[in-house]
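Structure first, commentary second.
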Amino acid sequence: YFTEKMLKRCLQKCAAAVQADVVISGAGTVGLSLACALGQSDLTSQLETVIIERNEFCPNPDVMNATPLRTVALTPRSLSFMQRLGIPVEDETHTISRIVVVDAASSAKLDFAQESGLFHLVGTDQLTELLRQNVPPSVKMMYGHKLQHPPKENIGGLELTVQRSAPPPAADAEPTTTINTSLLIAADGAQSSLRQHAHIPTISRSYGQWALVATVSIEGGQDADNTVAYQNFFPNGDVIAYLPMDQQTGNIVYSLESSRALKLKAQSADEILAELNEKLSQQPLRGSVPTLTSVEQHGAFPLQMVFATQAANNRIALIGDAHHTLHPLAGQGLNFGFYDAINLTNTLHEACEVGSDLGGPFTLQEYSNSSFSSTLQMIGGIELIKMAFGLNCGPIPFVRGAALSTLNALSPIKKLVTDFAMGVSIKEGVI
């Protein structure tokens, strides 16, 4: 009798619960890209997919016409991903055809160029909105909801208790919802609580820096079409990058020591403008970078490296910042989030083909294997760059300058570096 009663209660509970194959926690840029990607495959488009987002959806009709503060330099692989998703991103991007990287201590430089474009700059808010508009109708969107408790394991999946993160719009709205799912995707950012619940360890460190980001108007320079990006490494550890947004506008990412960054952030727009122009006009970039005429908007955020040593565990898979947080000097953070979405979509498509458990150990291990190598290489490369440009005693700047000049002259090796940065090695698969 006791067993029969328990079974009846269990069946009643399951009947009342939302049944899903995949739940994505986080409706940011990467989470939305995964939802769109799952809708592109004949097999994964049949999956019951739910997105949970803590914040309420607030329509902003002006977002597509606003000047962005945060931008992403899409690699050709990421741009191809957006195009295959049907995202009309071409009208919102500005092509960067050349990047000049210089070492202020030695005046050596690396000059990368690609006629078809190395990167394609787009506002993060604009890209997120385009993705939101293209989420398949079959995906259940739960804005203004959050996980009430850590996921509970049940037979063949996870049980999630979801509650509204704000008062319900209707008096008869259910305060909580139970969702049963085979797989939970953590797209909940660098401080991911789901990563902690999955007991996935991380390697992390603070860089002791903040990045000041600014949208600037420009006067013009040698590059009339404004398609060249510049990056300057300074002996004190500062790094400043100029990214062209259109013929009249640019985006600045200026990494500097934390206390100096916070002090600069609190200054007036004119004072920030003066410092940025002073940094960009130093040798060996003097006369190359367009003169900045005004700072339209600015902000700042702390810099850290976080790398999850596993991409998935216990029916939870990590994507985007929940999986890895990178220094902006390589401009690869969001691109690698898109690569996560590509790899996970391919893995789930293959699991559907053979009838594997979407959240089972085999499927999750396949996803981890597909993303581990490229992510580790990128983080290792960024750490190597930080270390190489951070050493400036004795003959080190001279040796570094000689190495950069040699690398700049070796086209085959430079092409390998360019191809990796452009995402050429990322497997296309079904998406």
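No hydrogens, no waters, no symmetry mates; every other heavy atom, side chains included, goes into these values.
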Can you measure from CG (D419) to CZ (R77) and round to the nearest 0.5 angstrom?
-> 14.0 Å
Any Y242 side-chain heavy atom under 4.5 Å of P290 side chain = yes
Could you check if a side-chain atom of V213 sits within less than 4.5 angstrom of a side-chain atom of L69, using non-hydrogen atoms only?
-> yes
Side-chain donor-acceptor pair under 3.5 Å between Y339 and S370, yes or no?
-> no
From CG (L127) to OG (S33), nearest 0.5 Å | 8.5 Å
Full working for side-chain hydrogen bond (donor to acceptor under 3.5 Å, both in side chains) between Q365 and N369 | CA-CA 6 Å; Q365 188 59 51; N369 292 343; 2.8 Å; yes
With R315 as reference, evaluate D357, T363, L184 under the side chain to side chain contact (heavy atoms under 4.5 Å, CB included) test and give the passing residue.
-> D357
Going through the distances and angles, do C36 and Q40 end up as a side-chain contact (heavy atoms from CB on, under 4.5 Å)?
-> CA-CA 7 Å; C36 292; Q40 294 299 304; 5.7 Å; no
Quick one: does F336's side chain get under 4.5 Å of T375's, heavy atoms only?
-> yes
Could you check E296 against V216 for side-chain contact (heavy atoms from CB on, under 4.5 Å), going step by step and ending with a plain yes or no?
-> CA-CA 6 Å; E296 304 302 327; V216 296; over 6 Å; no
Check the pair I96 / V228 against side-chain contact (heavy atoms from CB on, under 4.5 Å), numbers first and verdict last.
-> CA-CA 6 Å; I96 298 173; V228 182; over 6 Å; no
Short side-chain to backbone donor-acceptor contact, T215 and P68, under 3.5 Å | yes
Locate the shortest heavy-atom distance separating A322 from R195; write the atom from each residue and the value.
-> O-NH1, 2.9 Å
Looking only at heavy atoms, which two atoms of H145 and I52 are closest? And how far apart?
-> O-CG2, 3.5 Å
Give a yes or no answer on whether the side chain of D62 reaches the backbone of N65 with a donor-acceptor pair at less than 3.5 Å.
-> no
Work out which heavy atom in V89 is nearest to a heavy atom in M82; give both atom names and the distance.
-> CG1-CB, 4.0 Å
Ignoring hydrogens and geometry, is there a side-chain-to-backbone donor-acceptor pair from N226 to D246 under 3.5 Å?
-> yes
Is the backbone of A27 close enough, under 3.5 Å, to the side chain of E53 for a donor and an acceptor to pair up by distance?
-> yes
Is the closest side-chain heavy-atom distance between V50 and T181 below 4.5 Å?
-> no
Take atom NZ of K109 as the centre, draw a 6.0 Å sphere, and report whether it contains more than 12 heavy atoms from other residues, nucleotides or ligands.
-> no
How long is the gap from CD1 on I185 to CG on L344, to the nearest 0.5 Å?
-> 4.5 Å
Evaluate the ring planes of F372 and F307, with Trp represented by its six-membered ring, and classify them as parallel (under 30°), tilted (30 to 60°) or perpendicular (over 60°).
-> tilted
Q83 and E90 side chains, donor-acceptor separation under 3.5 Å | yes
What pair of heavy atoms forms the shortest contact from L121 to P244, and how long is it?
-> CD2-O, 3.2 Å
Quick one: does T249's side chain have a donor or acceptor within less than 3.5 Å of a partner on S217's backbone?
-> no
Distance-only, no hydrogens or angles: does the N335 side chain make a donor-acceptor pair with backbone N or O of A73 under 3.5 Å?
-> yes
Answer yes or no: is there a donor N or O on one side and an acceptor on the other, between the side chain of E129 and the main chain of M64, under 3.5 Å?
-> no
With a cut-off of under 6.0 Å to the ring centre and 45° to the axis, is K279 in cation-pi contact with F234?
-> yes
At what distance, to the nearest 0.5 angstrom, does CG of L348 lie from CG of L34?
-> 7.5 Å
Nearest non-hydrogen partners of A308 and T202, listed with the distance = CA-CG2, 4.0 Å
Determine whether Q209 and H327 make a side-chain contact, defined as any pair of heavy atoms from C-beta on separated by less than 4.5 Å.
-> yes
Taking side chain as C-beta onward, heavy atoms only, is Q310 less than 4.5 Å from P201?
-> yes
Over all atoms of both residues, closest heavy-atom pair of F119 and T75 | CE2-CG2, 3.6 Å
Got R164 and T176 here, is their nearest side-chain heavy-atom distance under 4.5 Å?
-> no
Residue K265 excluded, over 12 heavy atoms near NZ under 6.0 Å | no
Could you state the interatomic distance from OH (Y367) to CG (L358), rounded to the nearest 0.5 Å?
-> 14.5 Å
N392/R400 under side-chain hydrogen bond (donor to acceptor under 3.5 Å, both in side chains): CA gap, chis, key distance, verdict | CA-CA 9 Å; N392 289 287; R400 182 175 62 234; 2.7 Å; yes
Flag side-chain contact, heavy atom, 4.5 Å: V23 against I51 | no
Nearest 0.5 Å please: distance from the CG atom of D238 over to the CZ atom of F233.
-> 11.5 Å
Salt-bridged, R260 to E257, with N to O below 4.0 Å?
-> no
Ignoring hydrogens and angles, tell me if any N or O in the side chain of S405 forms a donor-acceptor pair with the backbone of G401 under 3.5 Å.
-> yes
Residue pair D340 / S371, side-chain donor-acceptor N/O under 3.5 Å = no
Under 3.5 Å, is there a donor-acceptor pair between the side chain of T95 and the main chain of S97?
-> no
From CA spacing to verdict: side-chain hydrogen bond (donor to acceptor under 3.5 Å, both in side chains), T29, T128 | CA-CA 5 Å; T29 315; T128 303; 2.6 Å; yes
Hey, does the side chain of N408 reach the backbone of L404 with a donor-acceptor pair shorter than 3.5 angstrom?
-> no
Quick one: do the H349 and D42 side chains pair a donor with an acceptor below 3.5 Å?
-> no
May I ask you to say whether D188 pairs ionically with R54, meaning some side-chain N is under 4.0 Å from a carboxylate O?
-> no
Evaluate the criterion side-chain hydrogen bond (donor to acceptor under 3.5 Å, both in side chains) for residue pair Y254 and N232; output intermediate values, then yes/no.
-> CA-CA 10 Å; Y254 179 22; N232 199 352; over 6 Å; no
Could you go through the side-chain contact (heavy atoms from CB on, under 4.5 Å) check for V100 and S288 one step at a time?
-> CA-CA 10 Å; V100 180; S288 299; over 6 Å; no
